[in-house]
Amino acid sequence: MLDRQRYARLGLETVLDKVLAGERLSLSDGEALFACPDPLAVGDLAHLVRTRMHGDAAYYVVNRHINYTNVCVNGCTFCAYQRENDEQTGAFRLSREDVLDKLERAPSEPREIHMVGGCHPTLPLSFFEQTLAELRGRYPQAVLKCFTAVEIAHFAALEGISTLETLRRLQAAGLNMLPGGGAEIFAPEIREQVCPRKSDAEEWLRIHEEAHGLGLKTNCTMLFGHIETSAHRLDHLDRLRRLQDRANGFVCFIPLPFLTENSKLKIERPLTGLDELKTIAISRLMLDNVPHIKAYWVMLTVKQAQAALLWGADDFDGTVVEEKIGHEAGATSQQGLTRSELDEMIRGCGFRPVERDSYFNPIETRRG
Ligand code: V47
Ligand code: SF4
């Protein structure tokens with residue numbers, strides 16, 4: 001039971017009432033939460049909501065992340081992963097055989113293949129169609145969650161076709177789902193500074209809506225803790241919430257704290273751990289129509305992801321196996337986790353681990 005007087009003292013009595021009644025929070029409620037000096041009070045509200053939605057379950061998936069190239073025409077200022085061209089030191093581009101080889105060497109057969117890359121200047125759509133078809137044939141049980149909306153826009157432009165047609169062709173080749181990357185912060189004045197060359201908010205949201213219309217579920221993200229304000233974060237969450245009201249195709253939201261190492265984007269004051277947790281909690285509270293909030297342990301660290309489960313998150317992502325985007329930017333987490341490590345970490349903070357597929361259907365396992 002939450003203490004009404006505590007919330008009254010914090011000026012959050014109306015927010016408390018709305019949360020208790022399951023009513024939608026307004027943007028000014030969101031501002032009041034960001035302004036609240038007591039991060040635990042915000043976390044308790046989010047915990048109440050996540051418990052109402054998911055009980056004591058905390059989810060994870062046996063997955064494999066694959067990055068097919070880091071060569072990218074976009075040059076986002078926050079991105080430590082990107083290389084300008086194939087010749088630059090550290091640049092890589094996987095062949096179809098390399099992708100298959102990585103999967104064959106994965107410690108467990110993946111339920112989900114999460115494949116993304118930079119916007120390579122020449123890789124044609126046919127390369128991705130053929131790769132998906134091979135993956136579909138070899139891993140019939142895996143959900144192919146591949147290519148951000150930004151990559152879809154890039155493939156479409158290279159091929160001279162619409163993004164809808166691009167999605168249709170990839171779906172025919174085996175694509176099941178889009179990951180949530182590339183959303184960053186939607187406000188144009190922020191995009192201009194951090195990712196001026198890539199899809200704007202309208203294009204990112206339109207591609208997700210097109211995917212939803214084709215029956216493809218998608219995830220969504222927000223990159224926070226750089227030059228944006230709390231108003232920009234709330235505007236971002238509101239745009240996602242409005243699309244979800246219309247299309248209902250988002251499965252999971254992933255709040256990504258900005259990692260600063262090797263990045264051209266310099267910031268004055270890095271996020272504190274509590275800033276991260278508060279933003280995760282506010283995401284849970286504002287996104288009342290998105291079923292799941294992911295504590296992506298790679299970017300958060302495992303310890304902070306555990307704390308995030310108490311601040312509104314209900315998912316731990318997965319085994320991952322190999323990760324490059326966060327690690328190029330200074331992520332200190334390991335490359336992958338095993339099923340039993342995930343189980344142990346989730347149990348360690350008082351939740352019941354549930355292995356899931358990409359749509360959050362529980363997987364029946366031998367575990368009791
Ligand atoms: O789009 C890039 C972000 C994203 C940095 O859909 C950075 O299930 C922090 O979207 N610091 C890729 N973040 C990761 C992503 C994702 C991860 C896990 C699961 C899912 C899902 C999606 O990483 C990029 C960008 O927003 N990013 N650089 C950085 N320095
Ligand atoms: Fe390219 Fe993505 Fe990095 Fe931007 S964030 S430079 S689109 S790889």
Side-chain angles (χ1 to χ4, degrees), residues 65-70 72-76 78-79 81-82 112-121 123 125 127-129 131-132 143-188 190-192 194-224 235-256 287 290 294 296 325 358:
H65 280 220
I66 296 185
N67 300 121
Y68 57 87
T69 186
N70 58 355
C72 182
V73 297
N74 283 336
C76 305
F78 57 80
C79 180
Y81 166 78
Q82 180 249 12
E112 172 184 276
I113 298 172
H114 172 126
M115 184 169 68
V116 293
C119 294
H120 191 277
L123 270 178
L125 187 57
F127 169 77
F128 299 105
E129 290 179 297
T131 306
L132 285 174
V143 168
L144 304 182
K145 174 165 68 97
C146 309
F147 317 126
T148 65
V150 173
E151 288 164 271
I152 299 291
H154 177 72
F155 302 162
L158 275 187
E159 193 73 14
I161 59 174
S162 69
T163 51
L164 182 59
E165 185 55 21
T166 305
L167 285 167
R168 278 208 187 101
R169 279 179 51 179
L170 293 171
Q171 186 180 27
L175 181 71
N176 301 114
M177 194 169 168
L178 298 189
E184 322 315 354
I185 286 282
F186 287 139
I190 301 298
R191 271 187 122 64
E192 227 164 71
V194 304
C195 54
R197 285 191 231 147
K198 77 184 189 195
S199 303
D200 62 11
E202 286 68 32
E203 185 169 62
W204 191 98
L205 290 162
R206 191 200 72 231
I207 291 169
H208 279 259
E209 192 163 8
E210 287 172 352
H212 300 162
L214 294 174
L216 297 167
K217 293 287 184 192
T218 74
N219 287 342
C220 48
T221 56
M222 174 173 77
L223 178 72
F224 68 99
D235 167 69
H236 188 94
L237 295 172
D238 186 51
R239 292 189 203 218
L240 293 173
R241 187 165 79 172
R242 281 189 275 138
L243 173 54
Q244 183 74 339
D245 278 341
R246 282 204 307 280
N248 195 28
F250 289 134
V251 176
C252 186
F253 173 73
I254 306 116
L256 297 165
L287 291 176
V290 175
K294 181 174 299 192
Y296 185 43
I325 300 172
S358 306

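The first residue of the sequence shown is numbered 1, and numbering continues consecutively from there.
Annotation: the span from His114 atom NE2 to Phe147 atom CZ amounts to 11.0 Å, rounded to 0.5 Å. In this structure, Leu178 CG and Ile207 CD1 are separated by 8.5 Å, a value rounded to the nearest 0.5 Å. Separating the CD1 atom in Ile152 from the CZ atom in Arg206 is a distance of 11.5 Å, to the nearest 0.5 Å.
Side-chain contact between Leu243 and Glu209 is present, with heavy atoms from C-beta onward closer than 4.5 Å. Looking at heavy atoms from C-beta onward, Thr166 lies out of side-chain contact with Glu159 at the 4.5 angstrom threshold. Contact annotation: the side chain of His65 never approaches that of Ile325 to less than 4.5 Å [non-hydrogen atoms, C-beta and beyond]. The closest side-chain heavy-atom distance from Gln171 to Leu167 is not below 4.5 Å. Side-chain contact between Met222 and Leu240 is absent, with no heavy-atom pair separated by less than 4.5 Å.
Remark: side-chain polar atoms of Arg197 are paired, donor with acceptor, to backbone N or O of Val73 under 3.5 angstrom. Although no hydrogens or angles enter the test, the distance criterion places no donor-acceptor pair under 3.5 Å between the side chain of Asn176 and the main chain of Lys145. Judged by distance alone, the side chain of Thr221 and the main-chain N or O of Ile254 form no donor-acceptor pair under 3.5 Å. In this structure a side-chain-to-backbone donor-acceptor pair under 3.5 Å is missing from Arg191 to Lys198. His154 contributes a side-chain N or O that, together with a main-chain N or O of His120, makes up a donor-acceptor pair within less than 3.5 Å. Using a distance-only test at 3.5 Å, with no hydrogens or angles considered, a donor-acceptor pair links the side chain of His236 to the main chain of Phe186. The closest donor-acceptor contact from the side chain of Gln244 to the backbone of Phe250 lies under 3.5 Å. Looking at Glu203, its side chain never comes within 3.5 Å of a backbone N or O of Ala153 through a donor-acceptor pair. The backbone N or O of Asn248 lies less than 3.5 Å from a partner atom in the side chain of Lys217, making a donor-acceptor pair. Gln82 places a side-chain N or O within 3.5 Å of a backbone atom of Cys72 that can act as its donor or acceptor partner.
Using bins of under 30°, 30° to 60° and over 60° for the plane-to-plane angle, the ring pair Phe128/Phe155 lands in the parallel bin.
Between the side chains of His208 and Thr218, at least one donor-acceptor pair of N or O atoms lies under 3.5 Å. Side-chain polar atoms of Glu210 and Thr163 form a donor-acceptor pair below 3.5 angstrom.
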Apply salt bridge (charged side-chain N to carboxylate O under 4.0 Å, His left out) to Asp235 and Arg239, showing your working.
CA-CA 6 Å; Asp235 167 69; Arg239 292 189 203 218; 3.1 Å; yes
Working for salt bridge (charged side-chain N to carboxylate O under 4.0 Å, His left out), residues Arg241 and Asp238:
CA-CA 5 Å; Arg241 187 165 79 172; Asp238 186 51; 3.7 Å; yes
As a quick check of understanding, evaluate side chain to side chain contact (heavy atoms under 4.5 Å, CB included) for Leu123 and Leu158, giving each step before the final call.
CA-CA 9 Å; Leu123 270 178; Leu158 275 187; 5.9 Å; no
Report the C-alpha distance between Asn67 and Val116 in whole Å, list the side-chain angles of each, state the deciding distance to 0.1 Å, and finish with yes or no for side chain to side chain contact (heavy atoms under 4.5 Å, CB included).
CA-CA 5 Å; Asn67 300 121; Val116 293; 3.5 Å; yes
Determine whether Tyr296 and Cys252 satisfy the following criterion, side chain to side chain contact (heavy atoms under 4.5 Å, CB included), listing intermediate values before the conclusion.
CA-CA 11 Å; Tyr296 185 43; Cys252 186; over 6 Å; no
The test is side chain to side chain contact (heavy atoms under 4.5 Å, CB included); show your working for Val194 and Leu223 and say whether it passes.
CA-CA 10 Å; Val194 304; Leu223 178 72; 5.9 Å; no
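Residues Cys195 and Phe78 share a closest heavy-atom pair of CB-CE2, 4.2 Å. Across all their heavy atoms, Cys220 and Trp204 have their closest contact at CB-CH2, 3.8 Å. Leu216 and Leu175 get closest at one heavy-atom pair: CD2-O, 3.5 Å. Val251 and Ser358 make their closest contact through CG1-O, 3.9 Å (heavy atoms, listed as atom of the first residue, atom of the second, distance).
With sequence neighbours excluded, the residues satisfying salt bridge (charged side-chain N to carboxylate O under 4.0 Å, His left out) with Glu165 are Arg168. Residues satisfying the salt bridge (charged side-chain N to carboxylate O under 4.0 Å, His left out) criterion with Asp200, sequence neighbours excluded, are absent altogether.
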